[in-house]
Amino acid sequence: MRYGGLPPVVDQGTNQELAYTVLSGIYDTVLVRDISQYLQIRNPMVFNDVARYLADTAGSPVSISKIEYKLRSARRSATNDTIERYISGLLDAFLFHQARRINVKGGDHLQGLSKYYPADPGIRNMLVSYHQGDIGPLLELIVHNELKTRGYDVQVGRMDNLEIDFVADRISADMTDERLFIQVSTTIMDASTRDREFEPLRRLNNASGRRMILTLDTFGLGSVDGIDVVNALDWLTHSE
């Protein structure tokens with residue numbers, strides 16, 4: 001969660017200074033050699049601001065207009081087209097992944113407000129200077145990246161005014177379509193939180209696919225109303 005899983009970083013153990021140095025070097029190399037040259041970036045400070053914004057808001061819907069406003073407030077103006085070009089560069093260089101919104105009922109994609117997830121938690125933490133905060137977004141990021149590693153196409157589900165963290169699709173070994181509906185929550189021991197996480201999955205009715213809640217809880221696990229409540233660490237360490 002803190003330093004990520006890139007091999008050169010893992011080799012440093014838990015030495016934050018060394019981890020930060022290695023992560024900064026990896027990021028700067030990708031930035032300078034890949035993205036800057038490819039996109040011919042003239043203002044790397046604006047580009048870094050966009051990357052830091054995406055890292056800081058990982059797991060939240062992103063509005064290009066809001067990024068433009070924040071840049072303008074910091075006296076670093078950039079047009080919507082430029083911001084979109086920078087984001088495309090980050091995606092093409094595999095520093096970030098995009099999770100688009102999908103209408104669960106109709107199956108069509110919804111315009112705008114995609115979510116963006118850093119490809120590695122260490123890169124994310126380096127960009128936001130390792131500030132301490134809610135581990136919920138980091139857990140969501142790790143689940144997202146594990147789904148990508150397991151070969152899923154990952155999207156964000158919308159159903160009326162409710163959201164499902166991840167709708168994950170892949171073709172399984174026997175060539176059948178496989179779909180997961182996943183909610184991620186550090187804990188659902190609180191009754192209101194439990195109801196909030198269960199509600200969109202219950203509303204799926206007879207939709208085809210496995211419904212899951214991944215949590216750090218070690219109590220209250222099992223199947224409830226056809227929804228599997230699974231410890232996230234167990235899920236992460238057992239390929240499915």
Side-chain angles (χ1 to χ4, degrees), residues 54-66 87 90-91 96-119 121 124 134-172 176-188 190-217 220-232 234-236 239-240:
L54 294 185
D56 197 36
T57 59
S60 298
V62 170
S63 164
I64 302 298
S65 298
K66 189 170 183 179
I87 291 176
L90 290 166
L91 297 175
F96 286 82
H97 298 293
Q98 180 185 28
R100 298 176 63 189
R101 297 187 305 154
I102 185 174
N103 183 341
V104 175
K105 289 184 175 180
D108 53 312
H109 284 99
L110 304 174
Q111 294 298 316
L113 297 179
S114 294
K115 294 185 178 183
Y116 296 88
Y117 293 92
R124 181 263 182 192
D134 182 12
I135 66 171
L138 274 173
L139 179 62
E140 184 177 326
L141 165 60
I142 289 171
V143 170
H144 170 274
N145 289 355
E146 179 64 19
L147 287 167
K148 297 289 289 186
T149 298
R150 296 182 185 184
Y152 287 95
D153 178 39
V154 185
Q155 301 170 100
V156 178
R158 292 290 299 179
M159 184 172 52
D160 300 325
N161 62 332
L162 299 175
E163 180 176 288
I164 299 172
D165 289 333
F166 300 124
V167 179
D169 296 281
R170 73 176 178 184
I171 298 176
S172 60
T176 58
D177 293 332
E178 181 183 351
R179 169 166 280 195
L180 302 176
F181 299 99
I182 296 179
Q183 294 284 77
V184 182
S185 180
T186 53
T187 178
I188 57 171
D190 176 75
S192 62
T193 302
R194 189 177 182 87
D195 289 342
R196 184 182 70 239
E197 300 297 340
F198 267 87
E199 178 63 16
L201 297 179
R202 287 190 175 116
R203 293 269 293 274
L204 288 170
N205 297 323
N206 296 321
S208 177
R210 183 184 181 188
R211 295 175 287 170
M212 300 174 62
I213 296 177
L214 296 178
T215 175
L216 295 180
D217 293 335
L221 307 178
S223 183
V224 180
D225 298 333
I227 299 168
D228 296 328
V229 182
V230 180
N231 177 266
D234 289 342
W235 179 81
L236 288 166
S239 60
E240 297 183 11

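Remember, it's a predicted structure, so these values are computed and weren't measured experimentally. Numbers here are sequence positions counted from 1.
Judged by the 6.0 Å and 45° rule, Arg150 forms a cation-pi pair with Trp235.
Side-chain atoms of Leu147 and Leu180, non-hydrogen and from C-beta on, do get closer than 4.5 Å to each other. Using a 4.5 Å cut-off on side-chain heavy atoms (C-beta onward), Val229 and Ile188 make contact.
Between the side chain of Asp169 and the backbone N or O of Arg179 there is no donor-acceptor pair closer than 3.5 Å. In this structure, Asn145 contributes its side chain and Pro118 its backbone to a donor-acceptor pair below 3.5 Å. With Asp190 contributing its side chain and Ser192 its backbone, the two residues share a donor-acceptor pair below 3.5 Å. The closest donor-acceptor contact from the side chain of Thr215 to the backbone of Thr186 lies under 3.5 Å. At distances below 3.5 Å, at least one donor-acceptor pair connects side-chain atoms of Lys115 with backbone N or O atoms of Gly59.
Between Asp228 and Arg211 there is no salt bridge, since no side-chain nitrogen of the basic residue lies less than 4.0 Å from a carboxylate oxygen of the acidic one. A salt bridge links Arg202 and Asp225; the closest N-O separation between the charged side-chain nitrogens and carboxylate oxygens is under 4.0 Å. The pair Arg194-Glu199 fails the salt-bridge criterion, with no side-chain N (NZ, NE, NH1 or NH2) lying under 4.0 Å from an Asp/Glu carboxylate O.
Heavy-atom minimum distance, Val230 versus Met212: CG2-CE, 4.1 Å. Summarising the geometry of Asp165 relative to Gln183, their closest heavy-atom pair is N-OE1, 2.8 Å, with the distance given to 0.1 Å.
Applying the ring pair (Phe, Tyr, Trp, His ring centres under 6.0 Å) test to Phe166 and every residue at least two apart in sequence or in another chain returns Tyr117, His144.
No hydrogens or angles considered: a donor-acceptor pair under 3.5 Å links the side chains of Gln98 and Ser114.
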